[in-house]
Amino acid sequence: MAEGAKSMDAIMALCKRRGFIYQASEIYGGINGFWDYGPLGAQLKKNLREAWWQDMIMNPCWGRKGPNGQRVRCVPVETRIVQHPKVWEASGHVGGFNDPMVDCKETKQRYRYDHVSVYVPSSGDAGDKPFFAFMKDSPSETKQLKKAEKAFGQVRTVPLTSMPVTDFAKVLAPDAEKVGSLTEPRQFNLMFKTYIGATASEDDKAYLRPETAQGIFVQFKNVVDTTRVKIPFGIGNTGTSFRNEVTPRNFTFRSREFDQAELEFFCHPSESVEWYKFWRDFRMEWWKSIGLAGENLILREHEKDELSHYSQGTSDVEYRFPFTAPGFGELEGIAHRGDYDLKQHQEHSKTKLQYFDATRGELAPNGQPKGEWYLPHCIEPAAGLDRGVLALICEGYTKDETRPSPEFLKLHPRLSPIKAAVFPLVAKDGMPEVAEKLHAELTEKFWRVGMIDFDEKQSIGKRYARMDEAGTPFCFTIDGQTLQDQTVTVRDRDTGKQDRIGIDKAGQFLVDRLGV
RNA sequence: GCGGGUGUAGCUCAGUGGUAGAGCGUCAGCCUUCCAAGCUGAAUGUCGAGGGUUCAAAUCCCUUCGCCCGCUCCA
């Protein structure tokens, strides 16, 4: 790698040191899979969410036109973490959110239940001999085949799922020496359970949502009926989701509680593939625009055999995190979901979710279209905000031993929690007073988008270094010359270079660079 | 869930049975006219937690929790 491998330990240390990310409940020993944001992290994440909201909902795709030649239109919703339990039955999360696994008690291997195959005798009766389990395309396949042929002669292959669990006692696991080491299949349901009502019983069972998207589908009809939206249009939803990950890992990357920013874009089936490509490309461009430009970001189109049965295309925006390198980790999935979700909810809720499109259908005698009822197809760009924050921090984290401040965070000015800092070069000769005035002025102007810092303590070098670690892009310094000609120096975080500008131009300088 | 590693100040770590330490950071004062500079001083510790052995445990034993890595899995 050109810039050398970044150390995740160093990044995590900086995150804590500067107040970006803390372990949740740390003073109680921490809690696996949960992370809190400190002052700078909270602001950074808010800025990321805001950027998403602005560029997806308020001014979708920066005002550009979609494949239909018109401006992209999107509206927001905010739906609840707890929904009717049937929502998750309809969505498929209750049934198949995770695959059952079987464990081998002898080898401690874990296998996906539906991936294990078994050699059985063609005759069907194994007598007192074992069944030989194996994993396709693994060494166990040929090894077990030899044993099975020796035992039975003619063999055939059946999936483990077709065998009664009571027969597991006779199964020789793929890499085991003794028979009967496989546990019964265990269902891992990743959904958090909760109970509604103060006298909670099993009958009151509900779930914390595993994704925000379903809230959109469930309210699709209300949005169409009440807000004069016309297809094609999108509905955005952001918020917290929960998944009981088997293995929370890699800092905040796989957390059990995390925030998503999801858009469901509804369109006519005939235009869905074009919209899919449009969103896929825009979402990639968007991540680049906020600072993930470079070879660490890729758009990966799923292979045909990776696609869900209903999908005509899915791609992931993936970032090369230090812990995934040389591989990549998913930041966002852009999926063509067809009409799968609306159809599911239509069936389960017995509520008509079809859309009446007055611009389509045959022409009536008066020349107007008769209209067409259809279930819209849906394009789903679903981003992980915590993963986004982590990617921004990893990408921004830079180590350069030749600098006076060897560690710094190259955050895009639009995302940086502290937008600028104001320093008196020394805390005397009237400089603090001038600096405080500028600080107040800039705060007044920029508090909506981020913090403006003021610091007069210690040496100027330490103050620059602190701001470098916080990812603050610009520092204004009041010096002796300021008092004579009303100019200040502005220092660039990434280059350390300084320019001198009029003190009255500082605000405009930031406006030009913050993307506000 | 399994295996390996690890846990001492905000951070990085030293401390192998006998008074809890260092560097950096932080804070205060002095100094200082541009890059973690210098001087002086200060604060900060359930030694991850619980139990055991011992006259005495950060140190030995058991249990447990968190984090990191691998397996597995996955957005």
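To find a chain, count down the sequence lines: A is the first, B the second, and so on, and within it residues start at 1.
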Q: Look at the side-chain N and O atoms of Q458(A) and state whether any lies under 4.0 Å from the OP1 or OP2 oxygen of U32(B).
A: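 No, because none of the side-chain N or O atoms of Q458(A) sits under 4.0 Å from OP1 or OP2 of U32(B).
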Q: What's the closest nucleotide to the side chain of P406(A) if the choices are A36(B), C35(B), U33(B)?
A: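 That would be A36(B).
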Q: Any N or O donor-acceptor pair under 3.5 Å from the base of G10(B) to the side chain of R18(A)?
A: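 Check fails, no donor-acceptor contact within cut-off.
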Q: Work out how far the P atom of U12(B) is from that of U6(B), and round it to whole angstrom.
A: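 Looking at atom P only, U12(B) and U6(B) are 16 Å apart.
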Q: Taking atom P in both G10(B) and G45(B), what distance in whole Å separates the two?
A: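 The same atom, P, in both gives a distance of 8 Å.
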Q: Tell me if a side-chain donor or acceptor on K193(A) pairs with a main-chain N or O of L208(A) at a distance below 3.5 Å.
A: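 No, because the side chain of K193(A) does not come within donor-acceptor range (under 3.5 Å) of the backbone of L208(A).
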Q: Within the 4.0 Å heavy-atom criterion, would you say S255(A) contacts the bases, only the backbone, or no part of the nucleic acid?
A: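 Base, at least one base atom sits under 4.0 Å.
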Q: Would you kindly say whether E407(A) and Y397(A) are connected by a side-chain donor-acceptor distance under 3.5 Å?
A: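 Side-chain D/A pair, E407(A) to Y397(A): present.
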Q: Could you tell me whether the side chain of Y28(A) has a donor or acceptor atom within less than 3.5 Å of a complementary atom in the base of C65(B)?
A: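 No, no donor-acceptor pair under 3.5 Å.
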Q: Is there a Watson-Crick or G-U wobble partner for G1(B) with both distances under 3.5 Å, and which nucleotide is it?
A: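 G1(B) is paired with C71(B).
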Q: In whole Å, measure the gap between the P atoms of G23(B) and A37(B) for me.
A: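 15 Å, rounded to whole Å.
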Q: Report which part of the nucleic acid G333(A) touches: base, sugar-phosphate, or nothing (heavy-atom distance under 4.0 Å, all strands).
A: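 The answer is nothing, as G333(A) stays clear of every strand by at least 4.0 Å.
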Q: With respect to the side chain of K428(A), which nucleotide from A36(B), C34(B), U33(B) is positioned closest?
A: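 Nearest to the side-chain atoms of K428(A), counting from C-beta on, is U33(B).
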Q: Does the base of C35(B) carry an N or O that pairs as donor and acceptor with the side chain of R491(A) under 3.5 Å?
A: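 When only heavy-atom distances are counted, R491(A) does reach the base of C35(B) through a donor-acceptor pair under 3.5 Å.
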Q: For A28(B), does OP1 or OP2 lie under 4.0 Å from any side-chain N or O of K457(A)?
A: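 Yes, because at least one side-chain N or O of K457(A) sits under 4.0 Å from OP1 or OP2 of A28(B).
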Q: Between S255(A) and T252(A), do the side chains contain an N or O donor and an N or O acceptor separated by less than 3.5 Å?
A: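 No, T252(A) and S255(A) have no side-chain donor paired with an acceptor closer than 3.5 Å.
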Q: Base, sugar-phosphate or nothing for Q260(A)? Non-hydrogen atoms, less than 4.0 Å.
A: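 Nothing, no nucleic acid heavy atom in range.
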Q: Remember a base hit wins even if backbone is also touched, and classify M431(A) as base, sugar-phosphate or nothing at under 4.0 Å, heavy atoms.
A: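 Counting heavy atoms under 4.0 Å across all strands, the contact made by M431(A) includes a base.
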Q: Could you state the CZ-P distance from R466(A) to C34(B), rounded to the nearest angstrom?
A: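 Distance check: R466(A) CZ to C34(B) P gives 18 Å.
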Q: Can you confirm whether the side chains of T212(A) and N237(A) place a donor and an acceptor under 3.5 Å from each other?
A: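 On atom types as modelled, these side chains do not qualify, holding no pair under 3.5 Å.
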Q: What is the nucleic acid contact for E211(A), judged by heavy atoms within less than 4.0 Å: base, sugar-phosphate only, or nothing?
A: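 The residue E211(A) makes no contact with any strand.
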Q: What is the pairing partner of G23(B), taking Watson-Crick or G-U wobble pairs with both distances under 3.5 Å in any strand?
A: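 For G23(B), the partner nucleotide comes out as C11(B), under the 3.5 Å rule.
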Q: Closest-nucleotide mapping onto RNA chain B: is Q481(A) or A465(A) further toward the 5' terminus? I mean the 5' end.
A: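 Between the two, 5'-proximity favours Q481(A).
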Q: Once you apply the 3.5 Å cut-off to both distances, tell me the Watson-Crick or G-U wobble partner of C60(B), or none.
A: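 G52(B) is the nucleotide pairing with C60(B).
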Q: Please name the nucleotide paired to U6(B) by Watson-Crick or G-U wobble geometry with both distances under 3.5 Å, or report none.
A: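 The base-pairing partner of U6(B), which may sit in any strand shown, is G66(B).
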Q: Using the C1' atoms only, state how far G3(B) lies from A43(B), rounded to an integer number of Å.
A: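 Rounded to whole Å, the distance is 43 Å.
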Q: A382(A) near the nucleic acid: base, sugar-phosphate alone, or nothing, with a heavy-atom cut-off under 4.0 Å?
A: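 Contact class for A382(A): none.
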Q: Can you tell me which nucleotide in U33(B), C35(B), U12(B) comes closest to the side chain of L425(A)?
A: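 Output: U33(B).
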Q: Using the C1' atom as the point on both nucleotides, what is the distance between U8(B) and A14(B), in whole Å?
A: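 Those two atoms are separated by 9 Å.
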Q: What's the gap between G51(B) and C67(B) when it is taken at their C1' atoms, as a whole Å value?
A: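 Roughly 23 Å separates the two C1' atoms.
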Q: How many Å lie between CG on L14(A) and C1' on G25(B), as a whole number?
A: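 The distance from CG of L14(A) to C1' of G25(B) comes to 12 Å, rounded to the nearest Å.
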Q: May I have the distance from R249(A) (atom CZ) to C2(B) (atom C1'), rounded to whole angstrom?
A: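 After rounding, the reported distance stands at 11 Å.
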Q: Confirm from the modelled atom types if T489(A) and C34(B) form a donor-acceptor pair under 3.5 Å, side chain to base only.
A: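 Such a pair exists between side chain and base.
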Q: Hey, does the side-chain of E469(A) have a donor or acceptor N/O within less than 3.5 Å of a partner on the base of A36(B)?
A: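 Yes, a donor-acceptor pair under 3.5 Å.
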Q: When the distance from CD of Q23(A) to P of G66(B) is rounded to whole Å, what number comes out?
A: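 Nearest whole value for this atom pair: 9 Å.
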Q: Using a heavy-atom cut-off of under 4.0 Å over every strand shown, decide if G19(A) touches base, sugar-phosphate, or nothing.
A: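 No contact.
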Q: Figure out the CG/P separation between N250(A) and C71(B), and round it to whole Å.
A: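 Those two atoms, CG and P, are 11 Å apart.
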Q: Expressed in whole Å, how much space separates the C1' atoms belonging to C2(B) and U46(B)?
A: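 These two C1' atoms come out 32 Å apart once rounded.
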Q: Any side-chain donor-acceptor pair under 3.5 Å between D479(A) and T477(A)?
A: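 Per modelled atom types, D479(A) and T477(A) side chains form no pair under 3.5 Å.
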Q: Quick check on RNA chain B: between V426(A) and G461(A), whose nearest nucleotide comes earlier from the 5' end?
A: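 The residue closer to the strand's 5' end, by nearest nucleotide, is V426(A).
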Q: Does any N or O in the side chain of Y319(A) come within less than 3.5 Å of the main-chain N or O of E395(A), such that one atom is a donor and the other an acceptor?
A: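 The answer is yes, because a donor-acceptor pair under 3.5 Å joins these two groups.
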Q: In the strands shown, is U16(B) matched to any nucleotide by a Watson-Crick or G-U wobble pair with both distances under 3.5 Å, and which?
A: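 Answer to the pairing question: none, since U16(B) forms no Watson-Crick or G-U pair.
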Q: Is there a donor in the side chain of Q260(A) and an acceptor in the side chain of S241(A), or the other way round, less than 3.5 Å apart?
A: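 Judged by distance alone, the side chains do pair up.
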Q: Let me know the distance between NZ of K16(A) and P of G7(B), rounded to the nearest Å.
A: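 To the nearest whole Å, that distance equals 15 Å.
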Q: Looking across every strand, which nucleic acid part, if any, lies under 4.0 Å from N32(A) by heavy atom: base, sugar-phosphate, or nothing?
A: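 Sugar-phosphate, no base atom in range.
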Q: Say we look at U72(B) and C13(B): how far apart would their C1' atoms be, to the nearest angstrom?
A: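 Taking atom C1' in both U72(B) and C13(B), they lie 34 Å apart.
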Q: Can you tell me the Watson-Crick or wobble partner of U32(B), both distances under 3.5 angstrom?
A: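 Its partner is none (no Watson-Crick or G-U wobble pair with both distances under 3.5 Å).
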Q: Expressed as a whole number of angstroms, how long is the span from K462(A):NZ to C27(B):C1'?
A: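 Taking NZ of K462(A) and C1' of C27(B), I get 11 Å after rounding.
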Q: Under the side chain to side chain contact (heavy atoms under 4.5 Å, CB included) test against H93(A), which residue among Q214(A), R209(A), R243(A) passes?
A: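 It is Q214(A), the one option of Q214(A), R209(A), R243(A) that forms the side chain to side chain contact (heavy atoms under 4.5 Å, CB included) with H93(A).
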Q: In whole angstroms, how far is the P atom of C35(B) from the CD atom of E401(A)?
A: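 My rounded result for the distance is 19 Å.
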Q: Is F258(A) touching bases, backbone alone, or none of the nucleic acid, heavy atoms closer than 4.0 Å?
A: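 Contact class for F258(A): base.
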Q: Can a side-chain donor-acceptor contact be found between R500(A) and T487(A) if the only test is distance below 3.5 angstrom?
A: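 On atom types as modelled, these side chains qualify, holding a pair under 3.5 Å.
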